[in-house]
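Just so we're on the same page: letters track the sequence lines, and every chain starts at 1. Predicted model, so just to flag it, every value in this text is computed and none were measured.
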Protein chains: 2
Amino acid sequence: MSQHRHPGASGRAGAVPALPDLPEATVARLPEYLRALHNLADAGHETVSSEGLSAAAGVNSAKLRKDLSHLGSYGTRGVGYDVALLIEQIEYVLGLTQHRAVALVGVGNLGHALAGYDGFAGRGFRIAALLDADPSRVGEEINGLVVRHVDELPAIAAAESISIGVIATPAAAAQRVADQLVAVGVTSILNFAPCVLSVPEGVDVRKVDLAIELQILSFHEHRKASLTALPATGGSALTALPGGLAATDTQEAIGT
Amino acid sequence: MSQHRHPGASGRAGAVPALPDLPEATVARLPEYLRALHNLADAGHETVSSEGLSAAAGVNSAKLRKDLSHLGSYGTRGVGYDVALLIEQIEYVLGLTQHRAVALVGVGNLGHALAGYDGFAGRGFRIAALLDADPSRVGEEINGLVVRHVDELPAIAAAESISIGVIATPAAAAQRVADQLVAVGVTSILNFAPCVLSVPEGVDVRKVDLAIELQILSFHEHRKASLTALPATGGSALTALPGGLAATDTQEAIGT
DNA sequence: AGGCGCTTGTGAAGACGTGCACAAATCGCG
DNA sequence: CGCGATTTGTGCACGTCTTCACAAGCGCCT
Ligand SMILES: NC(=O)c1ccc[n+]([C@@H]2O[C@H](COP(=O)([O-])OP(=O)(O)OC[C@H]3O[C@@H](n4cnc5c(N)ncnc54)[C@H](O)[C@@H]3O)[C@@H](O)[C@H]2O)c1
Ligand SMILES: NC(=O)c1ccc[n+]([C@@H]2O[C@H](COP(=O)([O-])OP(=O)(O)OC[C@H]3O[C@@H](n4cnc5c(N)ncnc54)[C@H](O)[C@@H]3O)[C@@H](O)[C@H]2O)c1
């Protein structure tokens, strides 16, 4: 179990292994596969078929196979995928083998919940700093970590490399915080504030917005309500969803 | 201001206006436009061009125009869009005109933050019930709402129609909770637990998973690190991102 | 009234993502 | 040793999404 290393690499025999450039949609699904694989490993499974893994991850099996094929050719025909090996490969590709330090800015309502979340450390992420601008919050200890003032960010970043910045401040402060994070070299930001951030090229921003999710659900409720109001034929309105429904991001009706 | 009503409707002159069936990608962006429009309205703007609105929402202007064209033909050539009218239209399409009751199940670490969040009520959503299985949590009052036992769900749903269920329980309990929600007629679920839910056809599930977002960011960090390690020519590695970079879901480098 | 500048709405092309269906590969067993 | 059962990896076709580029429409100014 040692001759399996970054096989899809084009040429490039440098010291740092070049990553196969994965489709973005694939990248977004790999963490889901990873979670399913960990569950399988905990349950004692040594191998898993694409059918089994795809069911556990809630996706199409062909899609899963295509996704995994982008990483290289792990898996054995007629058998399936070696669970431990696949975990190792996906974690490598996602860059989870090197532990990443996270700085959380804004320790309010939401920030407290995030700071107290143990699912962070579970997968290679470590909250390295809690920051807030409110003097009355500075000094508070949460989960063994002391809240420090946001102006200390440069010093903190100098002490240890911050890999990812998480913004949990009000929207009005988010852009300023983003600028501060970028200024100390952070190139990945997870933003919980409902606003658009502008950042220089090379910096990645992902947004999590509860209100948007609710509104999307609201649309589907609205649509479903307007659909059931149409056909006055029979009474079974529950199976009335038309054929090509294409629930792109939403998972809908995954088996039973 | 009264002759503008659901114009894109195909035929169907029934009592309930049929919705134009929007592309899922468009639906996911409408809430973003809506937020930008509210900001513009608060700032006193009466109209806005596609260029202006798209900049505020962080998208391509052609994309914005195509998205809005799916709703019908609001907007005036040579002028732009009427802000108030567009807000009204988007809110109608998203089903936000009828206020929606949300049931939040799992009032733990995260659930507390959600329950105390005022951004909920800001846009047509109202938390109608807080539910938990832990007897020691039942009876606690948060934000004027008393936590009730999850077994009371049928009674609560009977008293008022629950539009959306939010699951903030540990993953192990999420499927059971989802089943309970479905049993009382909920057809839209927002799931914060890191697991795949299986629900019957016609029920929409959206998932918010912090760990997945972090892992996606981690991948990009990993990729950026492996890229800067390649070219030993000059020194400027920051602009080294190759042309077709296609940050699909991630917003990257939005102006300055 | 007429022209001019500005902005929308959309056709068309290309990029991207999905899913079927099957050949190639592997294992276990007779 | 060969064969059938099983499962991967992928070519291909289809649908969706994005982006460009421009004609059509609108208002304003002369
Ligand atoms: N609470 C939720 O459930 C929830 C859900 C979705 C989105 N959000 C969003 O998350 C963000 C935070 O929400 P919240 O409920 O925790 O708000 P909050 O007001 O409780 O907390 C905000 C915190 O940020 C701090 N802060 C303000 N300006 C700062 C700055 N410049 N630098 C550092 N810290 C600063 C404040 O001192 C405060 O502690 C908001 O943008 C909100 O819209 C919250
Ligand atoms: N805290 C975070 O920042 C965070 C971030 C992302 C995801 N999550 C996820 O959100 C979920 C909740 O996280 P948390 O930190 O609030 O956990 P928590 O343990 O603090 O809270 C869970 C709550 O759910 C209740 N519960 C358990 N079983 C239940 C049932 N069958 N019916 C009703 N209620 C039940 C518990 O009594 C508890 O109050 C978890 O799945 C977690 O992985 C949390």
Side-chain angles (χ1 to χ4, degrees), chain A residues 4 7-8 20-30 32-33 45-83 85-86 89 242-252 254, chain B residues 4 7-8 20-30 32-33 45-83 85-86 89 242-252 254:
Chain A
H4 43 70
D21 57 343
L22 308 174
E24 194 60 29
T26 295
V27 174
R29 283 187 294 264
L30 287 180
E32 203 76 56
Y33 303 156
H45 292 74
E46 301 250 322
T47 65
V48 64
S49 71
S50 65
E51 203 66 46
L53 182 53
S54 68
V59 301
N60 184 301
S61 71
K63 199 189 300 194
L64 174 100
R65 286 198 298 275
K66 186 150 291 190
D67 283 341
L68 294 186
S69 76
H70 288 123
L71 308 187
S73 197
Y74 307 96
T76 311
R77 290 156 129 101
V79 177
Y81 299 91
D82 182 300
V83 172
L85 172 58
L86 204 48
Q89 284 305 316
L245 223 261
T248 312
D249 201 8
T250 306
Q251 60 163 141
E252 177 161 354
I254 296 181
Chain B
H4 40 71
D21 56 343
L22 308 174
E24 194 61 30
T26 295
V27 174
R29 281 186 296 264
L30 286 181
E32 203 79 54
Y33 303 156
H45 291 73
E46 301 251 322
T47 63
V48 63
S49 70
S50 65
E51 203 65 47
L53 182 53
S54 68
V59 302
N60 185 302
S61 72
K63 199 190 298 194
L64 173 101
R65 286 199 298 277
K66 183 146 289 189
D67 283 341
L68 294 186
S69 76
H70 288 124
L71 308 186
S73 195
Y74 307 96
T76 311
R77 289 164 200 252
V79 178
Y81 299 91
D82 183 297
V83 172
L85 172 57
L86 204 47
Q89 283 306 315
L245 223 263
T248 313
D249 201 7
T250 305
Q251 60 164 142
E252 176 161 355
I254 296 181

Under 4.0 Å between a side-chain N/O of [X] and OP1 or OP2 of [N], yes or no?
{"X": "A:Ser49", "N": "D:dT7", "answer": "no"}
{"X": "B:Ser73", "N": "C:dG9", "answer": "yes"}
{"X": "A:Tyr81", "N": "D:dG9", "answer": "yes"}
{"X": "B:Asn60", "N": "D:dC20", "answer": "yes"}

Counting primed atoms, P, OP1 and OP2 as sugar-phosphate and everything else as base, the B/S/- map of nucleotides 22-30 of chain C against protein heavy atoms under 4.0 Å is --BBBS---
[atom1] of [X] versus [atom2] of [N]: gap in Å, rounded?
{"X": "A:Asp67", "N": "D:dT8", "atom1": "CG", "atom2": "P", "answer": "14 Å"}
{"X": "A:Asp21", "N": "C:dC16", "atom1": "CG", "atom2": "P", "answer": "10 Å"}
{"X": "B:Leu86", "N": "C:dG9", "atom1": "CG", "atom2": "P", "answer": "10 Å"}

Do the side chain of B:Lys66 and the base of D:dT19 come within less than 3.5 angstrom through a donor-acceptor pair of N or O atoms? yes
Can you tell me how far the CG atom of B:Leu85 sits from the CD atom of B:Glu46, to the nearest 0.5 Å?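 One finds 12.0 Å between CG of B:Leu85 and CD of B:Glu46.
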State the CG-OG1 distance between A:Leu71 and A:Thr26, to the nearest 0.5 angstrom. 8.0 Å
Apply side-chain contact (heavy atoms from CB on, under 4.5 Å) to residues B:Val59 and B:Asp67 and explain how you reach the verdict. CA-CA 11 Å; B:Val59 302; B:Asp67 283 341; over 6 Å; no
With DNA chain D as reference, determine whether A:Gly80 or B:Arg29 sits nearer its 5' end, using the nearest nucleotide of each. A:Gly80
Contacts of A:Thr47 that satisfy side chain to side chain contact (heavy atoms under 4.5 Å, CB included) - sequence neighbours left out: A:Val79
Just to verify, what does B:Ser61 make a side chain to side chain contact (heavy atoms under 4.5 Å, CB included) with, not counting sequence neighbours? B:Ser50, B:Glu51, B:Ser54, B:Arg65
From the set C:dG17, D:dC17, C:dG9, return the single nucleotide nearest to any side-chain atom of B:Ser69.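 That would be C:dG9.
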What pair of heavy atoms forms the shortest contact from A:His70 to A:Lys66, and how long is it?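 The answer is ND1-O, 3.1 Å.
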